[in-house]
Amino acid sequence: MFNIFKKKDKVVISLTSSPKEPKESEKLEESKKYIRHKGISLLSLPDNYIVLDLETTGYNPHFDEIIEVACIRYSGSEKIDSFHSYVQPTPYGDDSIHYVDDFITKLTGITDDMLVTAPKFKDIANELYDYLGDSVIVGHNVNFDINFLYDNFLKCLGCEFKNDYLDTMRLSRIALPDLPHHRLKDLKEYFSIDGVQHRALNDCQITHTVLSKLLDYIQENNVDLERYLHPKRFDLTSLTGDVTLNDPSNPLYGKHCVFTGKLQRFVRKDAAQIVCNIGGCCDNSVTKKTNFLIIGGLDDIPLVKDGKSTKMKKAEKLILDGQDLKILSESTFYDLIEDSIK
DNA sequence: CTACCTCGAGCTCA
DNA sequence: CTCGAGGTAG
């Protein structure tokens with residue numbers, strides 16, 4: 001099985017510009033050069049994949065550098081082979097050779113001595129690039145690693161790193177939403193996994209164990225990944241009210257309601273539930289059936305310029321056509337449902 | 001109905 | 001970066 005997460009495909013055609021093109025579009029081309037065209041974030045795996053981890057001198061791919069890289073290739077749950085190398089970053093300071101500061105040494109155990117004889121990234125770039133091939137990359141918050149690799153491959157080889165990837169942190173947040181945190185450390189404890197953290201190869205092993213535990217859990221508990229692969233907006237028409245709470249004397253009873261804008265006191269689904277309990281019915285768009293349009297705040301919402309959403313404009317037109325439709329302010333709406341929310 | 005955009009909140013990586 | 005809650009266009 002091989003799911004694909006939908007993503008806007010911002011493919012940029014490069015270098016077709018002629019010298020006579022106006023400045024405006026040249027600037028656009030220029031800005032596009034800094035967009036990373038990465039692979040796709042997956043939620044399930046093909047048979048072959050590579051677990052990867054980097055140690056770096058910091059968080060920022062722009063200023064910081066890779067000091068260790070490790071990968072393990074798997075076929076299913078079986079380890080095939082691995083790749084490991086220290087990487088020598090550019091030294092800092094004067095005479096004495098310093099590659100990493102105390103904080104990073106303390107965190108990772110990697111010292112200047114270990115990097116003196118290490119290859120630079122450009123020396124391993126080809127071998128690593130070939131090793132990774134077009135395999136799916138697995139890692140914890142793997143975007144971090146992908147971004148470092150992307151920049152380094154681009155710089156050293158002039159090519160983009162476009163491999164698809166699976167992020168165990170994303171998977172964990174979906175599978176175990178009740179965990180307070182989803183750091184690798186937390187999952188290591190949660191699943192009782194042994195091993196010292198912050199060494200690249202160890203972290204690969206830990207990440208792989210986390211991965212298989214998560215996949216087992218997802219399998220056993222029928223976790224719905226489809227929802228994240230094809231996100232759907234909540235369908236208000238699917239709501240069913242509690243009949244015992246129906247209030248035939250309420251003006252909303254038996255009427256069709258639509259919301260626009262952001263409500264102060266509720267998310268829309270909860271407000272819709274209240275309407276349904278009264279005995280009303282909620283829809284997602286203004287139609288010939290609509291009796292009430294409830295207006296939340298439109299200020300923050302993009303594309304609503306003149307203070308009127310398209311729902312509001314449509315409603316005003318229908319009212320002119322004689323439809324039994326009233327536009328309610330948010331506070332009027334609260335007055336109407338007051339009795340039902342106790 | 002389906003697809004895609006946008007914003008803010010919350011979080012993890014060395 | 002991802003998700004959820006809002007929007008629009010076709």
Side-chain angles (χ1 to χ4, degrees), chain A residues 5-10 36 38-43 52-70 87 89 99-110 139-150 165-174 177 179-188 197-200 203 206-207 210 225 227-238 258-264 266-272 283-287 294-314:
Chain A
F5 185 68
K6 71 106 202 171
K7 187 181 180 185
K8 47 203 161 181
D9 192 15
K10 284 191 185 163
R36 293 191 182 101
K38 305 194 298 189
I40 292 168
S41 175
L42 310 174
L43 287 177
L52 176 143
D53 187 60
L54 304 178
E55 304 303 319
T56 72
T57 57
Y59 284 145
N60 192 328
H62 206 71
F63 304 123
D64 297 313
E65 294 180 68
I66 298 171
I67 53 177
E68 187 184 18
V69 40
V87 181
Y99 297 111
V100 288
D101 61 33
D102 289 347
F103 179 79
I104 293 298
T105 296
K106 205 166 168 214
L107 181 72
T108 65
I110 297 175
H140 200 71
N141 195 19
V142 71
N143 275 301
F144 173 84
D145 306 86
I146 300 260
N147 285 337
F148 267 94
L149 287 180
Y150 190 97
Y165 52 93
L166 184 147
D167 183 3
T168 48
M169 186 176 79
R170 184 182 178 213
L171 203 58
S172 167
R173 284 183 169 147
I174 291 171
L179 280 192
H181 298 287
H182 296 82
R183 296 166 296 192
L184 188 57
K185 172 183 122 181
D186 303 306
L187 297 173
K188 178 173 174 288
Q197 255 185 278
H198 291 301
R199 293 311 299 273
D203 281 1
I206 295 169
T207 300
V210 167
L225 297 179
R227 182 159 89 78
Y228 297 89
L229 297 169
H230 306 290
K232 269 191 192 10
R233 198 177 331 188
F234 190 83
D235 181 11
L236 296 182
T237 61
S238 70
V258 174
F259 294 93
T260 185
K262 185 156 72 177
L263 297 175
Q264 293 288 323
F266 303 102
V267 293
R268 195 174 289 185
K269 180 174 51 156
D270 294 339
D283 302 300
N284 298 303
S285 55
V286 175
T287 68
I294 295 127
I295 314 292
L298 296 169
D299 297 341
D300 301 338
I301 292 172
L303 302 180
V304 178
K305 309 189 204 323
D306 47 5
K308 293 185 181 181
S309 66
T310 54
K311 285 175 183 174
M312 225 184 300
K313 290 171 189 162
K314 187 162 181 186

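Chain identifiers are assigned alphabetically (A, B, ...) following the order of the sequence lines, protein sequences preceding nucleic acid strands; residue numbering begins at 1 within each chain.
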Task: Base of C:dC3 and ring of A:Y228 stacked, centres under 5.5 Å, planes under 30° - done: no
Rounded to the Å, how far apart are [X] [atom1] and [N] [atom2]?
{"X": "A:R173", "N": "C:dC3", "atom1": "CZ", "atom2": "P", "answer": "9 Å"}
{"X": "A:L171", "N": "B:dT12", "atom1": "CG", "atom2": "C1'", "answer": "15 Å"}
{"X": "A:R233", "N": "B:dT2", "atom1": "CZ", "atom2": "P", "answer": "12 Å"}

Task: Distance below 4.0 Å between A:N143 side-chain N/O and B:dT12 OP1 or OP2 - done: no
Can you name the residues that form a salt bridge (charged side-chain N to carboxylate O under 4.0 Å, His left out) with [X], not counting sequence neighbours?
{"X": "A:E65", "value": "none"}
{"X": "A:R268", "value": "none"}
{"X": "A:K313", "value": "A:D306"}
{"X": "A:D283", "value": "A:K289"}

Open item on the list: For A:S285, give me all partners under side-chain contact (heavy atoms from CB on, under 4.5 Å), at least two apart in sequence or on another chain.
Closed with: A:T287
Within the structure shown, what part of the strands sits under 4.0 Å from [X] by heavy-atom distance: base, sugar-phosphate, or nothing?
{"X": "A:K269", "answer": "nothing"}
{"X": "A:T57", "answer": "nothing"}
{"X": "A:D235", "answer": "nothing"}
{"X": "A:I67", "answer": "nothing"}
{"X": "A:F148", "answer": "nothing"}

- [ ] Residues of residues 180-188 of chain A with any non-hydrogen atom less than 4.0 angstrom from an atom of DNA chain B: list those, numerically ordered, please.
- [x] A:H181, A:H182, A:R183, A:L184
